[in-house]
Amino acid sequence: MVVDHYDTFVSGYQTRYGETHGRLRTEAENAFLNFRRCGDPNFGVTLFRCDTCEVKLGVPFTCKARICPSCLSRKAETRASHLSEVLPQVEHRHIVFGLPKKMGLRQRIQEDPKLLRKVTRLVNQTIAEHLVSCVIVHRHRRDELKKARPGIIVAQHTWADDLDYHPHLHLCISVGVFTTDGDFYAAWDWKPEELKEKLRRRILKAFVRWEKLTPEAADIVACWQLDKCGFSLFIGSPIAEDNRERLARLLRYLMRSPVSFKRLKYDERTGKVTMRLKRDQVKVFDHAVDFLAALARHVP
């Protein structure tokens with residue numbers, strides 16, 4: 001698909017998709033260029049040889065692109081297996097935090113992808129401070145928590161199931177905080193509604209400070225009911241400290257590719273791409289260039 005239509009996609013991108021999808025970033029072009037070479041022996045191979053049986057095997061280079069389902073799946077498997085072994089033996093949780101469409105917050109991030117990095121840092125800081133406040137210790141030991149922090153692994157996802165632009169964060173986070181001495185204090189009550197309100201308030205203030213939102217618009221969103229404001233917060237059930245397989249499964253999920261080859265069907269004759277969604281639904285792209293344009297938005 002990429003080999004067949006990449007040149008057409010690049011040459012006509014700005015005219016067809018520039019207004020709705022934003023500019024085609026250099027990172028996306030490089031990712032597609034590398035993806036075209038993935039598994040192609042014309043671009044080099046690694047030669048394996050067994051001195052005992054004298055068998056030789058040439059394996060083509062892989063692209064390691066962030067949109068390649070095959071390469072990213074292998075990388076996710078390796079990293080998840082390693083992290084699940086070295087992470088501290090404490091409970092962890094899966095947290096998902098999403099930003100609303102309202103007031104154009106998602107659109108502003110699509111126009112300026114660096115905003116998502118700023119939002120990520122703000123979310124991490126807010127969650128860390130909130131967890132410290134949720135830890136119950138004797139008043140004489142409160143000073144130990146001033147510099148305490150939870151363990152957090154965060155993944156930035158920008159895609160919905162149908163490849164629409166939907167920036168949100170997936171976090172694997174320890175159920176408590178670590179002091180500078182290495183002591184661990186568990187948080188028994190996460191107070192999710194309070195955390196969600198803190199996140200909403202800080203992000204709105206930040207968008208005003210970054211001049212991406214007017215103070216009047218931020219005040220309007222801040223007044224909406226918490227469950228109808230568009231901000232979403234999911235906190236999963238605890239992952240037991242000895243359940244490393246479930247932890248590895250979560251980490252693989254955090255590092256997954258936007259698409260999977262198993263979900264795609266490409267018709268070379270017509271150029272049509274069919275993508276299988278959840279709940280037995282499908283999304284049809286009339287031409288492969290439409291699919292590539294949708295995918296390009298999710299190259300980090």
Do [X] and [Y] come close enough that some side-chain heavy atom pair is under 4.5 Å?
X	Y	answer
Leu122	Ile203	yes
Phe35	Cys71	no
His166	Asp164	no
Asp4	Tyr266	yes

For the residue pair [X] and [Y], is the inter-centroid distance of their aromatic rings smaller than 6.0 Å?
X	Y	result
Phe9	Phe32	yes
His298	His157	no
Tyr253	His170	yes

Working to the nearest 0.5 Å, report the span between [atom1] of [X] and [atom2] of [Y].
X	Y	atom1	atom2	result
Leu226	Glu194	CG	CD	11.5 Å
Ser133	Lys191	OG	NZ	5.5 Å
Cys172	His94	SG	NE2	8.5 Å
Leu204	Ile220	CG	CD1	11.0 Å

query: Any side-chain donor paired with an acceptor under 3.5 Å for Arg246 and Ser237?
result: yes

Minimal heavy-atom distance between Leu131 and Ala187, with the atoms involved, is CD2-CB, 3.8 Å

Of all heavy-atom pairs linking Gly22 and Tyr13, the shortest is O-OH, 2.8 Å

So salt bridge (Lys or Arg N to Asp or Glu O under 4.0 Å) across residues 73-82, not counting sequence neighbours, yields Glu77-Arg252

- Lys/Arg-Asp/Glu bridge criterion (N-O < 4.0 Å) met for Lys212, Glu111: no

- Task: With Arg200 as the cation and Trp224 as the aromatic partner, state whether NZ or CZ is under 6.0 Å from the six-membered ring centre and within 45° of the axis.
- Result: no

